[in-house]
Amino acid sequence: MVRPPTEAIFASCRSTRARIERLTHELFACYERFPDLESARCDRKKLPVLDREMAKFDRHLATLVRQAVAPAGERIQRMASALTDVGVYRTLASQGLSTSEAADEIAGLLALWVRRS
């Protein structure tokens with residue numbers, strides 16, 4: 001399994017916007033390197049070891065999202081989790097956006113929502 005980014009990605013980030021941008025770029029790059037992530041999610045209940053690893057992966061991603069959008073509230077955290085999901089990345093990529101372009105688009109949306117909250 002591909003390892004997701006760690007909290008260290010935020011080390012040099014001085015603002016929420018910078019954390020959001022780093023998060024989207026790092027997660028989408030991870031998804032690009034892990035083309036079978038959606039299949040693994042679908043098959044996780046068939047194999048206990050896969051289920052455990054996917055649960056750990058999902059918890060880790062949730063932690064990264066919370067750190068990126070802090071101190072925004074729970075509503076923004078839920079939206080950030082949804083918009084940084086692999087399904088959103090795959091949809092944007094299938095529509096011709098590069099990984100970087102997709103990350104920039106989602107980061108822009110999230111930064112706007114955080115600023116408005």
Side-chain angles (χ1 to χ4, degrees):
M1 178 174 295
V2 172
R3 296 197 189 280
T6 68
E7 293 85 358
I9 64 172
F10 302 127
S12 64
C13 297
R14 302 291 177 235
S15 67
T16 302
R17 173 79 188 222
R19 287 192 309 273
I20 290 169
E21 288 173 355
R22 183 71 51 83
L23 174 77
T24 58
H25 280 268
E26 294 290 336
L27 285 184
F28 286 9
C30 176
Y31 299 155
E32 183 178 42
R33 293 187 309 269
F34 191 4
D36 296 327
L37 177 58
E38 291 161 306
S39 297
R41 279 187 173 169
C42 289
D43 293 339
R44 67 189 290 173
K45 296 300 179 188
K46 296 176 187 175
L47 295 166
V49 68
L50 180 58
D51 189 39
R52 283 190 302 273
E53 288 301 312
M54 291 306 303
K56 187 166 50 171
F57 186 88
D58 291 342
R59 283 191 305 274
H60 181 72
L61 295 187
T63 298
L64 289 176
V65 168
R66 278 192 305 276
Q67 290 176 347
V69 299
E74 197 173 309
R75 182 176 146 267
I76 297 294
Q77 290 174 12
R78 284 192 304 267
M79 293 305 295
S81 289
L83 289 173
T84 58
D85 186 71
V86 65
V88 171
Y89 163 71
R90 297 272 185 248
T91 298
L92 294 173
S94 74
Q95 293 179 4
L97 274 70
S98 70
T99 299
S100 183
E101 290 168 334
D104 287 341
E105 292 294 329
I106 296 302
L109 284 172
L110 289 173
L112 177 64
W113 283 354
V114 167
R115 192 171 67 237
R116 289 180 59 201
S117 68

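Keep in mind it's a predicted model, so treat the numbers as computed, not measured.
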Nearest-0.5 Å distance that lies between atom [atom1] in [X] and atom [atom2] in [Y]:
| X | Y | atom1 | atom2 | result |
| --- | --- | --- | --- | --- |
| Leu64 | Ser81 | CG | OG | 10.0 Å |
| Asp104 | Glu21 | CG | CD | 7.0 Å |
| Met54 | Lys45 | CE | NZ | 10.5 Å |
| Leu83 | Trp113 | CG | CH2 | 5.0 Å |
| Thr16 | Leu23 | OG1 | CG | 12.0 Å |
| Leu27 | Ile106 | CG | CD1 | 11.5 Å |

Could you tell me which residues satisfy side-chain hydrogen bond (donor to acceptor under 3.5 Å, both in side chains) with Ser98, sequence neighbours excluded, listed by chain and number?
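Residues passing side-chain hydrogen bond (donor to acceptor under 3.5 Å, both in side chains) with Ser98: Glu101.
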Min side-chain heavy-atom separation Leu110-Thr84 under 4.5 Å:
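The answer is yes, as the side chains (C-beta and beyond) meet within the 4.5 Å cut-off.
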Do the non-hydrogen side-chain atoms of Phe57 and Leu37 ever get within less than 4.5 Å of each other?
yes
Going by side-chain contact (heavy atoms from CB on, under 4.5 Å), name the residues that satisfy it together with Ala55, two or more places apart in sequence or in a different chain.
Arg44, Arg59
Could I get the full list of side-chain contact (heavy atoms from CB on, under 4.5 Å) partners for Thr63, not counting sequence neighbours?
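For Thr63 the side-chain contact (heavy atoms from CB on, under 4.5 Å) partners, ignoring immediate neighbours, are Glu7, Arg66, Gln67.
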Not counting sequence neighbours, list each pair that qualifies as a ring pair (Phe, Tyr, Trp, His ring centres under 6.0 Å) and has a residue in residues 86-111.
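Non-adjacent pairs meeting ring pair (Phe, Tyr, Trp, His ring centres under 6.0 Å): Phe28-Tyr89.
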Is the backbone N or O of Pro5 less than 3.5 Å from a side-chain atom of His60, with the two atoms forming a donor-acceptor pair by type?
yes
Keeping the roles fixed (side chain from Arg19, backbone from Cys13), state whether a donor-acceptor pair exists under 3.5 Å.
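No, Arg19 side chain to Cys13 backbone: no donor-acceptor pair under 3.5 Å.
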Show the nearest heavy-atom pair for residues [X] and [Y], with the distance to one decimal.
| X | Y | value |
| --- | --- | --- |
| Pro48 | Lys46 | CD-O, 4.0 Å |
| Ala80 | Val69 | CB-CG1, 3.9 Å |
| Ala72 | Gln77 | O-NE2, 3.4 Å |
| Ala29 | Thr99 | N-CG2, 3.8 Å |
| Leu50 | Ala40 | CD2-O, 3.6 Å |
| Thr24 | Ala107 | OG1-CB, 3.4 Å |

With sequence neighbours excluded, give me every salt bridge (Lys or Arg N to Asp or Glu O under 4.0 Å) pair touching residues 83-99.
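Output for this query lists Glu38-Arg90, Arg41-Asp85.
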Quick note, salt bridge (Lys or Arg N to Asp or Glu O under 4.0 Å) partners involving residues 105-117, not counting sequence neighbours, are none
If two hydrophobic side chains count as joined below 4.5 Å and joins carry through other members, does Leu112 share a cluster with Val65?
no
